[in-house]
**Student:** 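Below are the structure tokens for one structure; questions will follow.
Since this is a predicted model, take the numbers as computed values, not measurements. Both backbone and side-chain heavy atoms feed into the values below; hydrogens, waters and symmetry mates do not.
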Amino acid sequence: MRPLTEGETRAVFEKLGKYIGENIQLLVDRPDSTYCFRLHRDRVYYVSEKLLKAAASVSRESLVALGSCFGKFTKTQKFRLSVTALDFLAPYAKHKVWVKPGSEQSFLYGNHVLKSGLGRITENTAQYQGVVVYSMADVPLGFGVAAKSTQDCRKVDPMAIVVFHQADVGEYVRNEDTLT
């Protein structure tokens, strides 16, 4: 487990910035403890300094995971967020989308959000902006990218895609072998 390099840190913060904007600072400087990002086997973990010191006594080969996995770097060194970061993204999300109860299951199976399933969307959401997807009961279901801006969503066809799916909590069941 090692600290992120400057390029890796930039890639992680750019991806997080799409979803939570300037609130990245709130993730690192928390009032309860200091948290940091660490890389282990191409996966980025969000871990407290206290837990990091305790894990120093474990060898790299024996260490499976530490803290919360935020995502991983692909072979081409692009950062991909994982659904395990949803609990940290949801409270600080700048742009949100709420889906109707009938479309929740479709989203949780890995499908995009259609206009017919859109409950509401935050104002001033730009096209290709990162959004957190909620149920109408304000339960975070996953995240994705807005396919249309807020203004475009008002006048599109009901079968048009408004949010591209990226991750959802259904992945805990579908990909339980690969999530760490």
**Student:** Taking it one step at a time, do K15 and E8 satisfy salt bridge (Lys or Arg N to Asp or Glu O under 4.0 Å)?
**Tutor:** CA-CA 11 Å; K15 184 65 86 164; E8 292 167 343; over 6 Å; no
**Student:** Any side-chain heavy atom of V58 sitting closer than 4.5 Å to one from L66?
**Tutor:** no
**Student:** Please lay out, stage by stage, how I121 and W98 fare under the test side chain to side chain contact (heavy atoms under 4.5 Å, CB included).
**Tutor:** CA-CA 6 Å; I121 186 170; W98 288 265; 5.9 Å; no
**Student:** Roughly how far, to the nearest 0.5 Å, is the OG atom of S135 from the NZ atom of K100?
**Tutor:** 14.5 Å
**Student:** To check you understand the geometry: which heavy-atom pair defines the closest contact between Q127 and A147, and what is its length?
**Tutor:** NE2-O, 2.9 Å
**Student:** What are the two closest non-hydrogen atoms of L114 and P158, and how far apart are they?
**Tutor:**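 In terms of heavy atoms, the two residues are closest at CB-O, 4.1 Å.
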**Student:** Can you confirm whether or not the ring centre of Y46 sits under 6.0 Å from the ring centre of F88?
**Tutor:** yes
**Student:** Below 4.5 Å, heavy atoms only, C-beta onward: do F73 and V44 meet side chain to side chain?
**Tutor:**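 Sidechains of V44 and F73: in contact.
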**Student:** Grab the two heavy atoms, one from C69 and one from R43, that are nearest each other, plus how far apart they are.
**Tutor:** SG-CD, 4.0 Å
**Student:** Going only through I, L, V, M, F, W and Y residues with side-chain contacts under 4.5 Å, is there a path from V139 to V163?
**Tutor:**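 No, it is not one cluster - the side chains of V139 and V163 are not joined through contacts under 4.5 Å.
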**Student:** Please check if the number of heavy atoms outside Q77 that lie under 6.0 Å from its CD is greater than 12.
**Tutor:**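 More than 12 heavy atoms, drawn from other residues, nucleotides or ligands, come within 6.0 Å of this atom.
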**Student:** Between L27 and Y35, does the side chain to side chain contact (heavy atoms under 4.5 Å, CB included) criterion hold? Intermediate values first, please.
**Tutor:** CA-CA 7 Å; L27 282 178; Y35 281 74; over 6 Å; no
**Student:** If we ignore hydrogens and angles and just use 3.5 Å, is the side chain of D168 paired with the main-chain N or O of G142 as donor and acceptor?
**Tutor:**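 No; zero donor-acceptor contacts below 3.5 Å.
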**Student:** Looking at R30, I want to see if its CZ is surrounded by more than 12 non-hydrogen atoms of other residues, nucleotides or ligands under 6.0 Å.
**Tutor:**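 Enclosed.
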**Student:** Are the side chains of F37 and V28 in touch, meaning some heavy atoms are under 4.5 Å apart?
**Tutor:**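 They are in side-chain contact.
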**Student:** Indicate the atoms forming the closest heavy-atom contact of C153 with K115, along with that distance.
**Tutor:** O-CE, 2.6 Å
**Student:** Considering all heavy atoms of both residues, which atom of V162 and which atom of V156 are nearest to each other, and what is their separation?
**Tutor:** CG1-CG2, 4.5 Å
**Student:** Would you say Q129's side chain and K18's backbone share a donor-acceptor pair under 3.5 angstrom?
**Tutor:**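 Such a contact is found between Q129 side chain and K18 backbone.
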**Student:** With hydrophobic residues grouped by side-chain heavy-atom distances under 4.5 Å, do V97 and M159 end up in a single group?
**Tutor:**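 Hydrophobic grouping puts V97 with M159.
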**Student:** Are K78 and E14 close enough for a salt bridge, meaning some N to O gap below 4.0 Å?
**Tutor:** no
**Student:** Do L118 and V99 come close enough that some side-chain heavy atom pair is under 4.5 Å?
**Tutor:** no
**Student:** Quick one: are T9 and T5 in side-chain contact, heavy atoms under 4.5 Å?
**Tutor:** no
**Student:** Say you draw a straight line from OH of Y92 to CG of N23; how long is it, rounded to the nearest 0.5 Å?
**Tutor:** 7.5 Å
**Student:** Does a side-chain N-to-carboxylate-O contact under 4.0 Å join E49 and K53?
**Tutor:** no
**Student:** Do L86 and M136 share a hydrophobic cluster (ILVMFWY, side-chain heavy atoms under 4.5 Å, transitive)?
**Tutor:** yes
**Student:** Rounded at 0.5 Å granularity, tell me how far CD1 in I20 sits from CG in L26.
**Tutor:**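 I20 CD1 to L26 CG: 8.0 Å, rounded to 0.5 Å.
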**Student:** Distance check, rounded to the nearest 0.5 Å: D42 atom CG versus K75 atom NZ?
**Tutor:**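 Nearest 0.5 Å value for the CG-NZ distance: 7.0 Å.
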**Student:** Under 3.5 Å, side chain of S48 to main-chain N/O of L51, donor-acceptor pair present?
**Tutor:**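 The answer is yes, because a donor-acceptor pair under 3.5 Å joins these two groups.
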**Student:** The test is side chain to side chain contact (heavy atoms under 4.5 Å, CB included); show your working for N124 and T150 and say whether it passes.
**Tutor:** CA-CA 6 Å; N124 300 326; T150 304; 5.7 Å; no
**Student:** Where do V83 and V169 come nearest, in terms of heavy atoms and distance?
**Tutor:**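 Minimum heavy-atom contact is CG2-N, 3.8 Å.
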**Student:** How long is the gap from CD on E104 to CG on L141, to the nearest 0.5 Å?
**Tutor:** 5.5 Å
**Student:** Measuring from atom NZ of K72 to atom OH of Y45, what distance do you get when rounded to the nearest 0.5 angstrom?
**Tutor:** 11.0 Å
**Student:** Closer than 3.5 angstrom, by distance alone: can the side chain of H95 be matched with the main-chain N or O of V131 as a donor-acceptor pair?
**Tutor:** no
**Student:** Under 3.5 Å, side chain of Y134 to main-chain N/O of A90, donor-acceptor pair present?
**Tutor:**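 Confirmed, Y134 side chain pairs with A90 backbone.
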**Student:** Can you confirm whether the side chains of Q166 and Y19 place a donor and an acceptor under 3.5 Å from each other?
**Tutor:** yes
**Student:** Just by distance, do the side chain of T125 and the backbone of T122 share a donor-acceptor pair under 3.5 Å?
**Tutor:**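 Indeed, once roles are kept as given, a pair shorter than 3.5 Å links the two residues.
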**Student:** Between F107 and V133, is there a side-chain heavy-atom distance shorter than 4.5 Å?
**Tutor:** yes
**Student:** Between T84 and S68 (side chain of the first, backbone of the second, donor and acceptor by atom type, cut-off under 3.5 Å), is there such a pair?
**Tutor:** no
**Student:** Counting only heavy atoms not in K96 (residues, nucleotides, ligands), do more than 12 fall under 6.0 Å from its NZ?
**Tutor:** yes
**Student:** Would E22 and K94 satisfy side chain to side chain contact (heavy atoms under 4.5 Å, CB included), going step by step from the backbone distance to the final call?
**Tutor:** CA-CA 9 Å; E22 303 83 31; K94 294 180 75 174; 3.6 Å; yes
**Student:** Side chains of V113 and I161: closer than 4.5 Å at any heavy-atom pair?
**Tutor:**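 A side-chain contact is absent here, since even the closest heavy-atom pair is not under 4.5 Å.
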**Student:** Mind checking whether L52 and R38 have side chains closer than 4.5 Å, heavy atoms only?
**Tutor:** yes
